[in-house]
Amino acid sequence: MLQRTATDPATFEVLNHRLLNIVEEMGIQYMRCSGSNVLITGNDAATAIMRPDGALVSVGPYIVTQGNVLPLIVESTMRLSQDVGWADGDIFICNDPYLGAIHAPDFATVAPIYHAGELVAWLGASGHQLDTGGMDPGGFSVKAVDVHQEGLRMPPVKIAEAGRVREDVYRWIINQVRDPLVGLDVRGQIAALNAGRRRILELIKEWGVATVKAVMQRSIDHAREKLGARLAELPDGEWRDVQYIDHDGHAPEIYKIVCTMRKSGERLAFDFAGTSPNARGLINSTWSGLQAAVLSSVYINLCWDIPWNRGVRDCVDIRAEPGTVNNCAYPAPCAMATISAVIVTIDVVWRCLAQLLLAGDRHAGQAMANWSGTSMAPIFAGTSQHGFRFAATEMSHFGGGGGARVDADGVDTSGIVFNTTPNVPNIEDQEAEYPVLYLFRRHLRDSGGPGTFRGGRAGELAYTVYDAPEERLEGLFAGTGAEMPNALGLAGGLPGAAIRVARVVETDLAARLARGAPLPARLEDVAGRREILECKHERSPILAGEVWYHSWQAGGGYGDPLGRDPARVAEDLARGAVSPEAAETIYGVALVAGAPDAAATARRRDGLRAARLAQAKPVASGDAALVFSGAGTHRFGDAFVLDAGAVCCGRCGTRLGVAGENLLPGLKEWIAPLAAAGPVRGEDYDRGRFGLRFLLCPHCGTTLDAQLAHAGAPRPAMRVEHR
């Protein structure tokens with residue numbers, strides 16, 4: 001039985017924040033020691049403090065998905081290393097996704113911390129490595145068919161023993177990888193753990209071991225109690241959503257992730273029944289990635305003032321069939337888990353949680369549409385202008401668009417959702433380190449999901465080989481969400497942009513550079529033959545004179561875009577955030593000399609709503625349901641109002657049905673091309689498999705919800721039970 005030491009609230013707050021400061025300092029120590037471009041420009045790392053049993057206490061403000069799996073690394077270490085044991089000064093390293101890591105490029109190190117012979121804590125540090133020695137540089141082996149082809153895969157093994165680095169193990173690691181900076185990165189993790197060890201022991205010396213242990217346990221208890229209380233404030237019910245992964249590296253197949261979330265009292269349960277079987281290619285995630293994704297969404301949506309630790313996990317149940325794309329079976333490859341199955345699982349859980357918040361009277365203001373729905377990994381490798389071999393991941397895609405809020409636009413290029421301290425590279429630093437020349441990096445127009453409040457914009461960039469000793473590099477793209485967007489909107493908001501990958505050959509760049517002419521500032525300005533590449537594009541040469549281009553996903557919108565303030569649309573148009581075409585056809589704003597014409601805008605918007613209804617049909621709901629029940633008056637954002645037993649349109653007040661009954665048969669649906677949300681919504685990859693489903697008020701034509709339509713997939717569903 002744990003011996004608790006009473007701590008007053010002030011002591012608890014001081015020490016709990018000291019623990020948070022320690023994990024942040026560990027990350028700073030790690031990144032300052034590492035020369036890795038991925039860490040320095042993307043903060044692609046994690047740090048954590050755990051109890052002796054591995055229970056998470058504090059996680060650093062970095063990649064939260066990586067932080068979530070460090071307890072699993074400790075669990076595997078304790079389970080598999082009993083023959084060698086662990087003692088003060090030992091450090092274990094592991095990157096096996098079937099033993100706790102998310103994917104092989106994330107090397108994790110964990111260390112037991114002792115005081116007076118007693119194990120008092122575990123510390124962890126994790127970071128994405130520049131290379132793992134697989135068949136392709138950079139750790140993303142696009143053509144791999146099993147995990148053994150993805151490079152170095154370490155079970156927990158001692159990298160340090162009794163305070164000394166095991167140079168034999170260190171040399172073994174370096175011998176497997178292309179980029180020697182991996183070695184410096186590993187030593188950076190060791191430095192981070194040593195810094196954390198010093199701080200923990202200082203804390204114990206100052207406050208006593210019993211108090212420190214009690215605060216660690218109290219932080220977990222506090223998180224559990226506070227999240228339970230918050231869940232009790234929200235309505236019970238069931239929410240189902242579906243998200244998709246396109247292409248597995250071998251073929252353009254579609255893989256669906258289905259999440260059914262049930263909220264009852266003080267508990268949340270997530271069931272992923274209906275999710276596609278694991279893929280032949282690298283998009284899968286193991287159980288560790290699935291759990292990390294669910295917890296990351298729960299943290300961000302529900303725990304804005306709650307410690308992110310084991311207490312949150314105690315309130316959550318997760319069920320997923322083994323052998324599915326987000327709970328894959330050995331030896332399925334999963335090098336791209338983080339930016340495929342993991343982030344798409346974040347998306348599908350996120351939308352369920354956002355709708356839960358929106359249905360609650362007390363916390364509806366915290367609801368937010370999906371952020372940039374996926375990430376991507378453009379990798380180039382070769383010999384630098386400085387004469388060393390390298391493998392680099394271009395990290396600008398970490399500047400994804402933020403999801404719209406219920407009362408404000410999403411933030412442009414605000415970050416990737418699982419990175420709590422987002423960062424993107426400085427272009428000049430990139431060019432100084434690698435033999436590339438950037439033509440442009442800019443916000444992508446029309447990328448933010450349209451809505452009453454717009455999603456944050458994504459970006460686009462292009463680069464070419466420059467000053468490379470071999471006049472060429474090798475490159476590949478590994479991304480998800482080109483055929484369809486993943487950043488869905490909320491309460492009638494539309495999805496943000498999908499990704500796009502292109503190469504332009506037979507350009508005039510050499511001639512431009514020779515005569516000192518300006519470089520192209522847009523993809524359309526690059527002369528040559530353009531090729532749209534698959535979002536998982538296997539390694540191929542990047543020749544001098546070629547241009548490689550990519551854009552990434554943006555944030556989803558909130559509310560029907562025809563409800564957006566025309567003055568905001570005019571401002572967006574003036575600053576290049578939206579195009580004249582979008583202002584007219586999506587937002588329905590009529591402008592005269594750059595200013596909105598109120599009467600003409602009202603007429604245009606009425607015409608667009610009428611056109612929606614003219615193309616709409618009755619909803620074919622299948623097994624889907626949209627149900628609101630309970631007494632009193634409740635709102636679901638601006639879309640629905642439950643009042644006196646009737647459910648009405650939030651805009652026009654038309655009665656749509658009664659409480660407790662399925663509303664879908666009384667609504668209309670319009671299946672439109674994805675381009676109805678704007679350009680770069682998958683048109684370059686269109687195979688006729690996706691559309692955009694508008695659920696409409698049958699009287700006024702307002703969009704109440706916007707969903708991806710895909711043949712054969714279960715439809716999103718919602719049952720809200722107000723108490």
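All values below were derived from every heavy atom in this structure, side-chain atoms included, with hydrogens, water molecules and symmetry-related copies excluded. Source: prediction; values computed, not measured.
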Checking His550 against Trp548 for the ring pair (Phe, Tyr, Trp, His ring centres under 6.0 Å) test, could you report, in this order, the C-alpha distance in whole Å, the side-chain angles of both residues, the deciding distance, and whether it holds?
CA-CA 7 Å; His550 64 275; Trp548 282 48; 9.7 Å; no
Measure up the Phe398 and Phe418 rings against each other and bin them: parallel (under 30°), tilted (30 to 60°), perpendicular (over 60°).
perpendicular
Can you measure from NE2 (His247) to NE2 (His250) and round to the nearest 0.5 angstrom?
9.5 Å
Applying salt bridge (charged side-chain N to carboxylate O under 4.0 Å, His left out), which residue pairs with at least one partner in residues 425-444 are found, sequence neighbours left out?
Arg442-Glu460
Non-hydrogen atoms of Gly400 and Ser372 that approach each other most closely:
CA-OG, 3.6 Å
Answer yes if the side chains of Asp446 and Ser579 hold a donor-acceptor pair under 3.5 Å, and no otherwise.
yes
Side chains of Val182 and Phe107, heavy atoms from C-beta outward: is any pair under 4.5 Å?
yes
Set out, in order, the CA-CA distance, both residues' side-chain angles and the distance that settles side chain to side chain contact (heavy atoms under 4.5 Å, CB included) for Asn43 and Met31, then state yes or no.
CA-CA 8 Å; Asn43 288 338; Met31 293 182 218; 3.1 Å; yes
Please name the pair of heavy atoms, one in Ala478 and one in Met336, separated by the smallest distance, quoted to 0.1 Å.
C-CE, 3.3 Å
Under 3.5 Å, is there a donor-acceptor pair linking the side chains of Thr65 and Ser296?
no
Measure from the ring center of Phe477 to the ring center of His397 and say whether it is less than 6.0 Å.
no
Using ring pair (Phe, Tyr, Trp, His ring centres under 6.0 Å), reason through Phe140 and His537 one step at a time and then give a plain yes or no.
CA-CA 10 Å; Phe140 290 86; His537 181 265; over 10 Å; no
Determine the interplanar angle of the Tyr244 and His710 rings, folded into 0 to 90°, and report it as parallel if under 30°, tilted if 30 to 60°, perpendicular if over 60°.
perpendicular
Show me the side-chain donor-acceptor pairs of residues 462-470 shorter than 3.5 Å, one per line, residues at least two apart or across chains.
from   : atom 1 : to     : atom 2 : distance (Å)
Thr464 : OG1    : Glu546 : O      : 2.5
Glu470 : OE2    : Thr383 : OG1    : 3.3

From Val680, Leu523, Leu461, residue fulfilling side-chain contact (heavy atoms from CB on, under 4.5 Å) relative to Ser551:
Val680
Could you list the donor-acceptor pairs under 3.5 angstrom formed between side-chain atoms of residues 129-137 and any protein atom two or more places apart in sequence or on another chain?
from   : atom 1 : to     : atom 2 : distance (Å)
Gln129 : NE2    : Gly127 : O      : 3.3
Gln129 : NE2    : Asp185 : OD2    : 2.5
Asp131 : OD1    : Gly138 : N      : 2.8
Asp131 : OD1    : Arg178 : NH1    : 3.0
Asp131 : OD2    : Gly133 : N      : 3.0
Asp131 : OD2    : Arg178 : N      : 2.8
Asp131 : OD2    : Arg178 : NH1    : 3.3
Thr132 : OG1    : Glu150 : O      : 3.1
Asp136 : OD1    : Arg539 : NE     : 3.2
Asp136 : OD2    : Val142 : N      : 3.2

Distance-minimising heavy-atom pair for Leu519 and Leu509:
CD2-CD2, 4.3 Å
Check whether the side chains of Arg500 and Tyr549 place a donor and an acceptor atom closer than 3.5 Å, and report yes or no.
yes
Quiz question: by atom type and distance under 3.5 Å, do the side chains of Gln66 and Ser126 form a donor-acceptor pair?
yes
Scan Thr275, Asn327, Asn326 and name whichever one has a side chain to side chain donor-acceptor pair (under 3.5 Å) with Thr345.
Asn326
Ring centroids only, cut at 6.0 angstrom: are His103 and His128 within range, meaning strictly under it?
yes
Taking all non-hydrogen atoms of both residues, which atom of Cys94 and which atom of Ile73 are closest, and how far apart?
SG-CD1, 4.0 Å
Please find the pair of heavy atoms, one from Ala335 and one from Gly139, that lie closest to each other, and give the distance.
CB-O, 3.3 Å
